[in-house]
Amino acid sequence: MKIMLLAFAATAVIAVGANLTLYELGFSSEDRTSGVDVRLD
Amino acid sequence: MARALLISVFGFVLSVFLGTAALPQDAAETDRSATGGAQTLEDIMARQRGEDVDTGFRSDATGDPNNATGMTNQLGTLGGVSDPELWRAYRYGSANLTTQARGPAATTVIQDGGMWWLKYRSGPLSDFSAYLLGGTLVLLVVFFLIRGRIRIDGEKTGRTITRFKAIERFGHWLMGGAFIVLGLTGLITLFGRKVMIPLFGHDSFSVLATASKWVHNNVSWAFMLGLTMVFFMWVARNLPKKSDLQWLAQGGGIFKKGVHPPAGKFNAGQKLIFWSVIVLGVSISVTGLSLLFPFELPMFAKTFSILNATGLPQLLGFGELTIHLAPHQEMQYAQLWHALVSVVLLAIILAHIYIGSVGMEGAYDAMGSGEVEEQWAREHHSLWVEEVTAKEIESASPAE
């Protein structure tokens, strides 16, 4: 049971980590699909 | 059963893809002199009858810049290309476009696969998913009502055997927990417009859909990690053996009380589940990655090309599959395949969850604490118990 809960917690950590990492690596939609001439802000 | 299901689904999907991707076979030459080479009433009628129409007369009619009238003359600014010709070039993807957006498919401004995809997704795909998952749940309830919980037949010993180590259980739950979350968020996405918006309204569903998308995209990494762990930890134990045939012939003993065919650490049913999870899970992961990084990992044109080379589509009478896909069509195929395979795996996993929880006494312990009742192990994995016992005796014996 403990291992199951640990795995679920790890899933949440991986999800948040993946999101932050991909964003930092420039994989956000904004970074991937717009140029400098497009103002999204 | 899982294997047969996989084959039938593959055939179903192939037929759907082939049905829409088949090239025109008997496009008759049409006289278009009356319209100056443009579309005729017969072209329109043929399309309405569902026939394939060779659209070359339109896709190639995109003007010629060399015919441009001089700049100083009247109508001299279009560069030899009229508005309709320019729109046709957009329509068939041959226009030389430059856009401020820098996405890989940014210059595809018109593509005509969208309506077919939308109709298939909201029609047959949704119906198939609902019937398959609903039917599986009904079957499991009926099975439970008839068979009841499969109990440990013999007397419990009070002793336990370690069935799965902590790292094995961690990998299993990492993959399993993530898959349940992915399944639920995926179903929210698939049935959002059809079921959830009518129930909850646009505003509520908007919040739910946004959250679902975030969760689905990011939890996918945990699933792929768990899938990789499970594959390497268990693949050697899941290779087919002769005893699997006996297990299958007796239906695993789950239909009749007191029947316990011999099995190793994984019985034939579990092996089928394992390979279903690996094969379908990899397929879901690959198409999922294609969807996570839009237009950057196209794979269906290549897959169709390989299928064509095998001769299978031609053998089945569908002709060659089209290998010229717009970037958006690649995404549409990836979405359909991703959803379809996921739903099939969901149905298989529902049965797995049932037998691992309410369906069988003592089964959950294998993935809960990792320690199973010895009598349970003797009834369901007798060959494995013999193996474990032999090892214990061997290690207990003094070295000669």
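Lettering follows sequence order; numbering is per chain, from 1.
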**Q.** Non-hydrogen atoms of B:Phe170 and A:Ile3 that approach each other most closely
**A.** N-CG2, 3.4 Å
Q | Pairs of heavy atoms under 4.5 Å with chain B: top-ranked of A:Asn19, A:Thr11, A:Ile14 | A | A:Asn19
Q | CZ (B:Arg193) with more than 12 external heavy atoms under 6.0 Å | A | no
Q. By a 4.5 Å heavy-atom criterion (distance strictly below it), what part of A:Val13 contacts chain B: side chain, backbone, both, or neither?
A. neither
(Q) Need one label for A:Leu5: side chain, backbone, both or neither, based on atoms under 4.5 Å from any heavy atom in chain B. (A) neither
Q. Which bit of B:Tyr364 is near chain A, if near means a heavy-atom gap under 4.5 Å: side chain, backbone, both or neither?
A. side chain
Q) Can you list the residues that meet the salt bridge (Lys or Arg N to Asp or Glu O under 4.0 Å) rule with B:Glu374, with sequence neighbours excluded? A) B:Arg159, B:Arg378
Q: Look at atom OH of A:Tyr23 and say whether more than 12 heavy atoms of other residues, nucleotides or ligands are closer to it than 6.0 Å.
A: no
Q: Would you mind telling me which of B:Val215, B:Leu174, B:Leu225, B:Val181 has the largest number of heavy-atom pairs within less than 4.5 Å of chain A?
A: B:Leu174
Q | Which atoms of B:Phe295 approach chain A - backbone, side chain, both or neither, heavy atom under 4.5 Å | A | neither
Q: Could you pull out the closest heavy-atom pair between B:Gly177 and A:Phe8, with the gap in Å?
A: CA-CE2, 3.5 Å
